[in-house]
Every structure is written in C-alpha cells, then in structure tokens.
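What follows is a short report on a single structure.
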Amino acid sequence: MAEQEKGGVSAEVRRVLPDQFTTGLGVLFATLGSAVGLGNIWKFPSLAGSNGGAAFLVIYLICTVLVGLPIMLTEQMIGRKGRGDAVTALKRVAPGKAWWLIGAAGVLAAFLIMAFYTEVAGWVFAYIFKAIFGNILSTNPEVTSAAFGALVSSPAQSLIWQWVDLLIVGAIIVFGVSKGIEAATKRLMPILFILLVIVGIRSLTLPGAAQGLAFLFKPDFTKITFGVVLAALGLAFFKLSIGMGCMITYGGYYGEDQNIPAMATRVVLSDLAVSLLAGIAIFPVVFAFGFEPAIGPSLLFITIPSVFASMPLGNIFIVFFFVLTFIASVGAQLSLLEVIVAFLVNRLNMNRVKATITTVVSLALVGSLAALSGNVLSKVLVFGKSFFDLFDFISSNMILPLGGLFLAIFAGWVWGYPRFKVALSNEGRLNNAGFLRFVFFLLKVVTPVLVFVVLLGGLGVF
Ligand code: PHE
C-alpha cells in the first residue's frame, strides 16, 4: 500500500495516468468527454435519417439500455480491477486465458475509428473557418450542399484538415491531458448543451417543423430490417465508447471509491440527451427547407448552416457551434488515442512521446484512405464500400458488438455475480444490490443473446 497515491491508484499505474482522473468530477467529465462527440452530433442524425427516423431511435434506445449500460459498467469494472491498457487489464483479470484478445481487437478498432473520425473532425474544424470567412449561411439546400461538396471533393483540403486535427489531438496527448483540457471541457460542454437547446428551439419554430418531429418521434416499424437494427446497435456501442477497451482503459484511471454504476448511468443519460438535442436541432430543418433526411454523412454540414441562416446573429452563433462541436470531438479522440497509446506504452515499452508520434503518423497514412474516399479514391470500393464506410462498418458494426458480446459472456459466465457485486458496490460500501442484480441479469442473458442475434442477422445469416 506504500505506493498508493491519490484516489487509490498505484505509482506504476500513474506512469501512463493522465492526472485529472483522480477526482470524482474529473472522472465524470473525462468519461462523458469520451462518450459525447461526433457520434451524437454527426453520426446519430445521419444514421437516424437514413434508417427511417423514429423506428431507428426506438431500437437505438433499447440497445442503449439493454446492452450499452451493462457493458459500460463491466468495462469500467474490469479496468479498475486490472489497471492497465485494454490488453493488460484483461490479462490481469483473467490470467492465462485468451480474453485479452478482446482488448487487442479493441486497439485495432480504436485505430480504424480514428482513421475516419479524424476526417469528420477535420471537416468540423474547416467549417469553423468557413463560417468565419466564407459564405456558408443559406437556407437554400443547393448552396449549403455545394459548400460541403467543395470541401469533400478536394483531396488537398480533405487531407490537410485531417492532419491538422491529428496534430492538435496528438499534441494534447503528448503533453499529457493537462488541467487545461479538463477545465476547458468542463466549461465548454455545458455551453455546447445550451447552444444545442437554442438551435433546437429555433429549429422547432420553423414553419414545417412538425414533420421533422414526426420523423424523429413517430415510429414506423415497417422500416425495420436486421441491417437497421445492426446499425442501431453499432451506434449504441460507438456513442458510448464501449466494446473496444476504451472504458477499460479509462476504468484503470478511476479511484477505488468511485461510484461506477451511478457515474455510468449519468454518462449514458447525458449522452442520450445530447443526441436527442442534435436530432431536434436537425430534423425540423430538414423538412422545413426541403433537404433529404437520408443524405448520410453530409447531413450535419448542410442543414446546420440553414438553421443559423434563419436566426438573428446566426453568423456568430454558427462559429460557436462548430468550435464547440470540434471540442466535443477532441474529448472523444483523446480517449481513442489513449487506448492505442496506453497499449504501446505498456506492452511495447515505448515512452509516451514515441507512442503518440507512432500512432499519429500511422493514422495520417491510413486515415488518408478515408480522406481520399470522397474524391480521388471514390471509385475504389472494398466489399462494396468506400474506405471511409469500410473502416466505420468494421469497427462500429463488427468489432465493437463482438467485443461487447465477449465481455458480456466473460462477466456473466466467467467472472460471476459475487465478484461483480463486490467490485461494483465498492466492496459493499455502496448500497446498490438491487440495481446490480438487474444489470447482471441483463449482462448474463439479455445482452449476449441480443447482440448475437443482431450480429448474425445483420450479416445476413437468417
Ligand atoms: N463515443 C465517441 C463519439 O460519440 C466516439 C468513440 C467511440 C470514442 C469509441 C471512443 C471509443 O463521438
């Protein structure tokens, strides 16, 4: 115990430990910072739009409760027990067994996600400048679509903005996740929330908004196929940063007295609230100005300028909007990078600087396949998908659900209830037995069955 430090974290663990995770509030914000990101503001609206709206939302909600929360708790529990990167933690929790492979797959998933995420973050960053200098504000779908098209179809712009984004997040990770970023996220996240509420209100008061609301909240279940369910499940994993060791890595940075179940529940609910707000901000505009809901990844970038074009001081608000969205994406990217960097530091004995540089340079190379898939590589399809979509599909719709499936089996059938209860009640100090019993039941039976069936169905087995 002599080497125990603040928050019950040992000196050895602190070698790769970003400082802020040792306070309760720091844990909440770091975890929330990982969860809330482009998944909420960009991916959720684009997937809901192209998969039928409300029915997709319902399935997504079911996946979040029945699969998302139990797996998030499990990962954080494993992380705190095993204290290490995803592979190391699983090796410590299950010595001599092959469960660490979940962590290894997770490191790969983090890499694939970053390969396309950095591109979208690059677009967001570019939009800050376009909002300041260019003329992207318009309620005319043709104008906003053309502005986005010009960005995506230029190979030079796509690459440069992606690399700028990589440099920014790489620099933050090298210099440690300092108090600065924590303090910034803490202050800026609430502002993003408020701004989304303002945009939502403006959007709701547009003529024709009701149709957008109906699209988002009035389900038509005839639209549901296994493919849609797989997309919703994949999104639930992606949005909550689970199934790939991110929450295991972060769990390693939590103190022994952190109330994991309460914190995770708060994270899941806040994450959901941000997604719903983004949907409310976007879908009424889609119908008010005649956009196409199923347009895909460009949805955010072509609809948001229209809301701002139709509100007072819109030219200033839109700059804030993209700045805050970029900051949200940074929190998520830091957690993705941390999965890879912690792995390289622990397993390959690299120092933090070398690990970060290696990761960022490899991402600049592999990520360029995603950046160029909107232009020079647009004709190159692998399994019928562009590199951008392929990286997304393999990570979100395959590795993450598979990782979650195995984690649920591990916790439910190998680790077992007695240990689950001891770990998540902080050795009996927390009075949450009823909640834990319920979550454990989900984890042991419901989660694995659901994920298994959806995965097979989504891959066309039935
Ligand atoms: N949850 C993040 C978002 O919504 C993305 C992410 C996925 C982060 C997986 C970490 C791990 O933007």
Side-chain angles (χ1 to χ4, degrees), residues 29-48 60 63-64 67-69 71-72 75-76 79 85-86 102-103 105-125 165 169 173 177 185 189 192-193 196 231-251 253 264 267-279 297 300 324-343 359 363 391-404 407:
F29 275 99
T31 311
L32 200 58
S34 166
V36 173
L38 297 175
N40 306 61
I41 300 166
W42 162 75
K43 204 174 206 228
F44 168 74
S46 104
L47 280 178
Y60 168 74
C63 294
T64 300
V67 177
L69 185 63
I71 294 182
M72 181 177 278
E75 283 199 32
Q76 294 171 342
D85 62 281
I102 304 172
V107 175
L108 174 67
F111 194 86
L112 290 176
I113 292 176
M114 277 301 276
F116 73 91
Y117 204 97
T118 47
E119 179 56 20
V120 185
W123 293 338
V124 172
F125 198 61
D165 170 74
V169 288
I173 281 271
V177 189
T185 343
M189 284 297 106
L192 174 65
F193 199 81
L196 275 173
L233 181 75
L235 178 69
F237 276 93
F238 184 89
K239 286 221 312 97
L240 297 175
S241 315
I242 56 174
M244 38 82 64
C246 187
M247 289 296 149
I248 297 182
T249 310
Y250 269 26
Y253 305 148
V267 168
V268 170
L269 292 178
S270 321
D271 181 75
L272 190 62
V274 176
S275 306
L276 288 179
L277 276 178
L300 171 77
L324 293 168
T325 302
F326 183 70
I327 291 169
S329 87
V330 169
Q333 293 182 79
L334 290 178
S335 71
L336 284 158
L337 277 183
E338 187 63 24
V339 171
I340 310 171
V341 170
F343 169 81
T359 310
L363 279 171
F391 294 159
D392 184 9
F393 185 83
I394 296 181
S395 52
S396 312
N397 293 7
M398 306 204 39
I399 302 183
L400 271 47
L402 263 178
L407 282 166

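Atoms within each ligand, like the ligands themselves, are counted from 1 in listed order. In what follows, every heavy atom counts, from backbone to side chain, and hydrogens, waters and symmetry copies are set aside. None of these values were measured; they are calculated from a predicted model.
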Looking at residues at least two apart in the chain, or sitting in another chain, which of them share a ring pair (Phe, Tyr, Trp, His ring centres under 6.0 Å) with Phe116?
Phe388
Under 3.5 Å, is there a donor-acceptor pair linking the side chains of Lys43 and Ser396?
yes
Please enumerate all residues that pass side-chain hydrogen bond (donor to acceptor under 3.5 Å, both in side chains) together with Trp42, with sequence neighbours excluded.
none
I need the Leu38 CG to Ile113 CD1 distance, nearest 0.5 Å.
11.5 Å
I'd like a table of the close N/O pairs between ligand 1 and the protein (anything under 3.5 Å), one pair per line with both atom names and the distance.
from	atom 1	to	atom 2	distance (Å)
ligand 1	1 (N)	Ser34	O	3.1
ligand 1	1 (N)	Ala35	O	3.0
ligand 1	1 (N)	Phe238	O	2.8
ligand 1	1 (N)	Lys239	O	3.1
ligand 1	1 (N)	Ser241	OG	3.1
ligand 1	4 (O)	Ala35	O	2.9
ligand 1	4 (O)	Gly39	N	3.2
ligand 1	12 (O)	Leu38	N	3.1
ligand 1	12 (O)	Gly39	N	2.9
ligand 1	12 (O)	Tyr117	OH	2.4

Please round to the nearest 0.5 Å and tell me the distance separating atom CD of Glu75 and atom SG of Cys246.
8.0 Å
Does Asp165 have any side-chain hydrogen bond (donor to acceptor under 3.5 Å, both in side chains) partners at least two apart in sequence or in another chain, and if so, which?
Gln333
